[in-house]
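Comments concern the structure below.
We count ligands from 1, going down the list as the structure has it; atoms in each ligand are counted the same way. What you see below is based on every heavy atom in this structure, not just the backbone, and it leaves out hydrogens, waters and symmetry mates.
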Amino acid sequence: MFPASVYENRRKALASQFENGLLLFPGNVESPMNFADNCHPFRQDSTFLYYFGLDQPDLVAVIDCESGTATIFGDELTIDHIVWMGDLPTLVERAEGAGIADTRPAAGLAGVVGKVAGAGGKVRYLPPYRAETSLLLSELTGLAPSALKGSADEEFIWAVVNQRSIKSEEEITELDEAVAISVEMHDAGIRMARPGMREAEIAAEVTRIALARGGRLSFPVIATIHGEILHNHDYGHTLSEGDLFLLDTGAETARGYAGDLSSTFPVSESFTDRQKTIYELQVLAQQTAVEALGPGVPFRDVHFAASAVIFDGLKDLGIMKGDTAEALEAGAHAMVLPCGTGHMMGLDVHDMENLGEVYVGYGGKPKSTQFGLKSLRLARELETGFVVTVEPGIYFVPQLMDLWKAQKHCEEFINFDELDKWRDFGGVRNEEDYLVTSDGARRLGPAKPMSVAEIEERRGG
Ligand code: GLY
């Protein structure tokens with residue numbers, strides 16, 4: 001945990017935005033894999049972690065906005081817990097670490113909430129994303145679980161999004177550490193791949209490093225020779241000479257802060273000319289996006305700057321054609337970039353996505369419904385203190401090629417016969433993480449291997 005004053009100050013800043021009522025923060029509970037005592041690793045809710053720092057299940061926190069006091073509802077460990085898990089700090093001791101003197105049994109929560117609601121006070125909560133949280137809120141409010149997302153408090157959402165979007169010094173230190181571990185994971189993955197190895201072996205090694213450095217993964221590893229599949233969690237393929245390998249993985253620090261990097265490298269010792277051409281085009285697009293970062297710049301513009309570089313490069317190869325601005329307006333680049341160029345990052349790898357992409361990534365403005373652009377998670381103007389990923393990719397998705405060709409979709413901008421020659425190519429993505437600063441942006445953590453020379457040196461080529 002951070003020092004108690006960090007949590008006290010965060011709560012004070014939040015509570016000062018509300019005159020009265022309660023702010024409700026349900027922490028997460030254990031999540032069984034196949035039976036109650038065999039659980040997924042526990043992950044606390046990130047907003048709970050941000051304001052209270054306590055990384056244990058079965059806690060609910062409440063802030064009374066009028067008095068500014070915070071209370072933790074939860075039950076002390078019994079001898080059964082201690083026999084099972086060892087001698088652990090009491091809830092009272094843990095809460096003290098977050099600057100909270102008021103802890104009460106879990107059973108007391110309903111009475112406190114009911115009293116405020118009964119007197120006409122507002123009980124505010126954020127949109128739930130876990131079934132157990134929905135059930136708890138449903139019991140407390142009397143609303144059906146299906147009604148809860150729609151009744152989440154918008155002022156509360158905005159207050160949390162605005163506060164968590166601007167990373168403080170202690171958070172930036174954590175994020176630098178998360179990215180440094182992530183770079184170590186990528187360096188190891190790039191060096192170890194050999195023909196005959198299974199994808200799972202690389203996934204296992206990067207997972208080992210994340211755990212060995214005291215944290216864990218910030219999301220399930222993507223380690224694949226099918227980089228054109230954006231979120232592939234299958235590690236069943238065997239690597240062969242000539243394959244391109246895409247590794248997308250990041251560490252989470254013990255305090256819960258995420259890193260998120262992607263690398264692409266040849267399974268052979270060096271890139272083929274064809275691979276190098278697309279690889280260098282992706283690196284150019286990524287660097288163009290990085291150079292565009294800065295306060296006041298809409299991330300949508302960053303996305304389109306990278307997309308234009310990719311479109312122009314593919315035009316030079318005869319794959320795309322026509323006016324670049326018109327093609328981008330029509331969404332033709334989504335043939336090879338059917339997703340966004342980045343997202344916010346912090347306590348969540350996609351920071352605060354549970355609170356709503358429209359708030360976090362769009363400042364309340366509507367999202368596009370166009371294929372490709374609808375998957376851009378971040379479009380709003382950047383501010384100093386935001387942390388974002390930068391990850392434009394180039395993906396050759398055979399099913400998408402066939403569909404658009406059959407539909408003649410964007411045929412004025414795509415030479416489908418030329419495109420078809422790349423149908424077995426796969427995908428390329430390099431991804432880094434950046435802090436937006438008053439005069440541009442700073443890369444978080446050390447540099448990961450990126451240039452063709454840096455990659456080939458690690459591959460032994
Ligand atoms: N890098 C994985 C993700 O953004 O979901």
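Checked against a 3.5 angstrom limit, the closest N/O atoms of His350 and ligand 1 fall inside it.
No donor-acceptor contact under 3.5 angstrom links the side chains of Ser31 and His40, judged on distance only. One side chain, Gln163 or Tyr51, offers a donor N or O that lies under 3.5 Å from an acceptor on the other. For the residue pair Asn430 and Ser262, no side-chain donor N or O sits within less than 3.5 Å of a side-chain acceptor on the partner.
Not a single heavy atom of Val349 sits less than 4.0 Å from an atom of ligand 1.
Close contacts between ligand 1 and Phe219 involve ligand atoms 1 (N), 2 (C) [criterion: under 4.0 Å to a heavy atom]. For ligand 1, the atoms lying closer than 4.0 Å to a non-hydrogen atom of Asp260 are 1 (N), 2 (C), 3 (C), 4 (O). Every atom of ligand 1 is numbered from 1 in the order shown, and the set under 4.0 Å from a heavy atom of His343 is 4 (O).
The aromatic rings of Phe52 and Phe25 sit perpendicular to each other, their planes meeting at more than 60°, with 30° as the lower class boundary.
For His343 (side chain) and Val349 (main-chain N/O), a donor-acceptor pair under 3.5 Å exists by modelled atom type.
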